[in-house]
Peer 1: 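First the structure, then my questions, so here it is.
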Amino acid sequence: MSDCSAALTAARFTVVAEASPGLLSRVLEPFAKRDLTPDRVRSQREGALLRTEVALDAMPVEMLHLVAGNLGQIIGVIRVEAMEGRHIRLAA
């Protein structure tokens, strides 16, 4: 019998990048292309940089490193931090 449950986790991504027009839409794109809707988005300019935090209360565990990798490939990104919270198991 196969395991029909999906492992979910709370996650928060922090992206520090050079402030530029269009940056916020590029930061949200990796979530949108995986059909993930963030629960919270916060962005603040810090001089020439923009710090953006994207939080999801539940996202598939296997997507965490994929999204973090995509965020790191955005032009102008200096640093990406991905923090994983508690694991949740839901029946599929």
Peer 1: Going by the ring-ring contact (aromatic ring centres under 6.0 Å, His included) test, which pairs reach into residues 43-64, not counting sequence neighbours?
Peer 2: none
Peer 1: For residues 16-31, which side-chain N or O atoms pair as donor and acceptor with protein atoms under 3.5 Å away, sequence neighbours left out?
Peer 2:
from: S20; atom 1: OG; to: R26; atom 2: NH2; distance (Å): 3.2
from: S25; atom 1: OG; to: G22; atom 2: O; distance (Å): 2.9
from: R26; atom 1: NH1; to: G22; atom 2: O; distance (Å): 3.4

Peer 1: Please report the shortest heavy-atom distance between A58 and D39, naming the atom on each side.
Peer 2: N-OD2, 4.3 Å
Peer 1: Answer yes or no: is there a donor N or O on one side and an acceptor on the other, between the side chain of T14 and the main chain of E53, under 3.5 Å?
Peer 2: no
Peer 1: Per the ring-ring contact (aromatic ring centres under 6.0 Å, His included) rule, what does the pair list look like for residues 35-56, sequence neighbours excluded?
Peer 2: none
Peer 1: Transitively linked via ILVMFWY side-chain contacts under 4.5 Å: M59 with V80?
Peer 2: yes
Peer 1: Rounded to the nearest 0.5 Å, what separates atom CG in L8 from atom CE in M63?
Peer 2: 10.0 Å
Peer 1: Go through the structure and list residues passing side chain to side chain donor-acceptor pair (under 3.5 Å) with R40, not counting sequence neighbours.
Peer 2: D57
Peer 1: Hydrophobic clustering (ILVMFWY, side-chain heavy atoms < 4.5 Å, transitive) - are V41 and L36 grouped together?
Peer 2: yes
Peer 1: To the nearest 0.5 Å, what is the distance between CG (L64) and CZ (F13)?
Peer 2: 4.5 Å
Peer 1: Can you list every pair that meets salt bridge (charged side-chain N to carboxylate O under 4.0 Å, His left out) and has a residue in residues 65-76, with sequence neighbours left out?
Peer 2: none
Peer 1: Tell me the salt bridge (charged side-chain N to carboxylate O under 4.0 Å, His left out) pairs involving residues 66-83, sequence neighbours left out?
Peer 2: R79-E81
Peer 1: Looking at residues at least two apart in the chain, or sitting in another chain, which of them share a side chain to side chain donor-acceptor pair (under 3.5 Å) with S43?
Peer 2: T52
Peer 1: Name every donor-acceptor pair, under 3.5 Å, that has one atom in a side chain of residues 65-76 and the other anywhere in the protein, sequence neighbours excluded.
Peer 2:
from: H65; atom 1: ND1; to: E62; atom 2: O; distance (Å): 3.3
from: N70; atom 1: OD1; to: R34; atom 2: NH1; distance (Å): 2.8
from: N70; atom 1: OD1; to: R34; atom 2: NH2; distance (Å): 2.7

